[in-house]
Each structure stands twice: as C-alpha cells, then as structure tokens.
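Since the structure comes first, as structure tokens, the remarks are kept for the end.
We count residues from 1, following the sequence as given. Predicted, not measured: the structure shown is a model, and the values here were computed from it. All ligand and atom numbering here is 1-based and tracks the order in the structure.
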Amino acid sequence: MYKPGMSPMISFLYITLVFCSVVQVTFSSDPNILTDYVLPPNMTVDANYFTYTGVRSIVNSTYPAKFTVIKASLHEFPGLLGQSVSYAILEFPVGSINPLHIHPRATELLFVIAGSLQVGFVDTNKTLYSQKLETGDMFVFPKGLVHFQYNSNTTEPALAVSAFGSASAGTQSIANSVFNSTIYEGILATSFKTTADIIEKIESGLKG
Ligand SMILES: *[C@@H]1O[C@H](CO)[C@@H](O)[C@H](O)[C@H]1NC(C)=O
Ligand SMILES: *[C@@H]1O[C@H](CO)[C@@H](O)[C@H](O)[C@H]1NC(C)=O
Ligand SMILES: *[C@@H]1O[C@H](CO)[C@@H](O)[C@H](O)[C@H]1NC(C)=O
Ligand SMILES: *[C@@H]1O[C@H](CO)[C@@H](O)[C@H](O)[C@H]1NC(C)=O
Ligand SMILES: *[C@@H]1O[C@H](CO)[C@@H](O)[C@H](O)[C@H]1NC(C)=O
C-alpha cells in the first residue's frame, strides 16, 4: 500500500511493481489479438485456413506400438495463430506411459475417449494429485506443473484428446531436459545430491 511517508523512489518502484503484476494477470494466456483472426502476409482467407485435416490418419487405424502424440498446435495448424487454443490426440497402447513433462504456456484439459488412464500432477508444494480415469472422464492439469499419463490396463489400449489454452502450449520433458541436455554433470550431481557415475548411468539410458 502507498503510504504518504514513503520516499518518492520507493513509491515509484511500488507503483511500477503493482502495474506489472496487473499486466501479468491480464496477459496470463496467449496475447489478445485486435482483429478477428491473424493472416500470414499476402494470404487471402478462405475456409481452408481455418481447417486442419492432419488427424484423419487416426480414423479406422490401429493403435501404434508405443505411446504416440498427434498435435494440432500452431506449428501444424497456422490458423490457430492468436486464438489461444490447440489439441493433442494421445494414443496409449497397453502398458504405455506419457512420461513426466510440463506445458510451460498452457493448462491441459484431458478427455478419455476410449480405455482408461492413470494420471497425475505434482503441485509446487510437492503434493501429488493422482486419479484413475475411465472412458468419458476428464482431468485438468494446471499450467506449468509436472504431470504424467499411464495406461496400466493389460488388455485395452486408451485414446485421449487434450485441449490446451494456448495455440502453442509447448512441451518440456523432465527426463530429456535435465539428463539429455548439456547441463554439466557436476551441476546435476550436486542438484540431485548424488555422484557423477549415477548421473552418467541415467544419462546413458536417454542418450543411448
Ligand atoms: C506481398 O505482396 C507485395 C505486393 O505484391 C510484395 O511487394 C511483398 O513483397 C509481398 N510480401 C510478402 C511477405 O510476400
Ligand atoms: C472407416 O470405416 C468405415 C466402416 O468400415 C467406413 O464406412 C468409413 O468410410 C471409413 N472412414 C475412413 C476415413 O476411411
Ligand atoms: C504443503 O504440503 C504439506 C504436507 O505435504 C502441508 O502440510 C502444507 O499445508 C502444504 N502447504 C500449502 C501452502 O499448501
Ligand atoms: C482393462 O479394461 C477392461 C475393459 O474396460 C476391463 O474389463 C479390465 O478389467 C481391465 N483390466 C485391468 C487389468 O485393468
Ligand atoms: C536425447 O537427445 C538426442 C539429441 O537431441 C535425441 O536424438 C534423443 O532422441 C534424445 N533421447 C530421448 C530418450 O528422447
């Protein structure tokens, strides 16, 4: 709170901070656009720009051999630019897992279309929220938190559709970004309170 006794410098900093935090709240999803839609330069708009057919491949197809994601995000579907939404189709053969990861720019709303899934996320207080989802169930993964999905069923594959509150939610794999990047082994060993040979063992599994 601004108080009359505050020095002008401190009160200026205070007002700037409050302003910044208000702006941050306002722009906590994709930036608002000032037009109905955003077109690439020199492109004439027709319905094709707003259409994406890249997921037809799953119709009448069989499940893949390992966990597979088909994305319909800004990269694959340019018409999403400025619209703050995207999809991913997740195919889980028996026993497969979508390993620990985060989406830095969006909340994920997962809908189980077929089969069942064990899902969970960990909040910033290390509390795990885990659930067994059946066909027809939904689960929300709050933005930026570590999460996973696992098909533990031994006979039935699972299919899910995830909606994201960003045209470009981004995915950061925990294992890959930590143990399959160029972070110094010493930093990793200290961070995980272990020795370099343990770190090397984990790394070799990913770099393999
Ligand atoms: C768009 O079209 C104009 C006129 O034809 C041309 O001068 C310009 O280079 C084009 N811009 C792009 C990005 O293609
Ligand atoms: C999927 O299979 C059904 C039934 O066999 C068929 O009628 C339909 O045309 C197929 N769809 C596609 C996209 O191949
Ligand atoms: C964090 O979790 C601990 C137990 O795991 C709980 O006692 C504590 O109240 C939690 N703090 C917050 C801020 O949720
Ligand atoms: C797998 O799914 C089927 C069909 O929903 C169910 O009948 C069966 O009990 C499940 N098996 C296991 C091991 O979860
Ligand atoms: C580790 O990184 C390399 C190089 O970027 C990549 O080819 C490989 O697929 C990654 N490993 C895993 C398990 O994703």
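Across all non-hydrogen atoms, the minimal contact from Asn98 to His101 is ND2-CE1, 3.2 Å.
For atom 8 (C) of ligand 2, the closest non-hydrogen atom on the protein side is Asn60 ND2, 3.7 Å. Nearest non-hydrogen protein atom to atom 9 (O) of ligand 4 is Asn153 ND2, 4.8 Å. For atom 4 (C) of ligand 4, the closest heavy atom belonging to the protein is Glu156 CG, 3.6 Å. The closest protein non-hydrogen atom to atom 6 (C) of ligand 5 is Asn180 ND2, 4.2 Å.
In this structure, atom 2 (O) of ligand 2 has a protein heavy-atom contact shorter than 4.0 Å. Taking a distance limit of 4.0 Å, we find that atom 11 (N) of ligand 2 is approached by some protein heavy atom. For atom 14 (O) of ligand 2, the nearest protein heavy atom is under 4.0 Å away.
Counting only distance, with no hydrogens or angles, the side chain of Ser86 and the backbone of Ala72 share no donor-acceptor pair below 3.5 Å. Counting only distance, with no hydrogens or angles, the side chain of Thr68 and the backbone of Lys66 share a donor-acceptor pair below 3.5 Å. Within the 3.5 Å criterion, the main-chain N or O of Val119 finds a donor-acceptor partner in the side chain of Ser130.
Every atom of ligand 4 with a heavy atom of Thr154 under 4.0 Å away is listed here by number and element: 13 (C). Against a heavy-atom cut-off of under 4.0 Å, Asn176 is close to the following atoms of ligand 5: 1 (C), 10 (C), 11 (N), 12 (C), 14 (O).
An N or O contact shorter than 3.5 Å is missing between Thr155 and ligand 4 by distance. Ligand 5 has no nitrogen or oxygen under 3.5 angstrom from a nitrogen or oxygen of Lys207.
Aromatic pair Tyr87/Phe77: ring centres not closer than 6.0 Å.
Put simply, the side chain of Ile70 reaches to within 4.5 Å of the side chain of Glu91, judged on heavy atoms. For the pair Leu145 and Val122, the minimum side-chain heavy-atom distance is 4.5 Å or more.
Linking Ile, Leu, Val, Met, Phe, Trp and Tyr whenever their side-chain heavy atoms come within less than 4.5 Å puts Val112 and Phe141 in one cluster.
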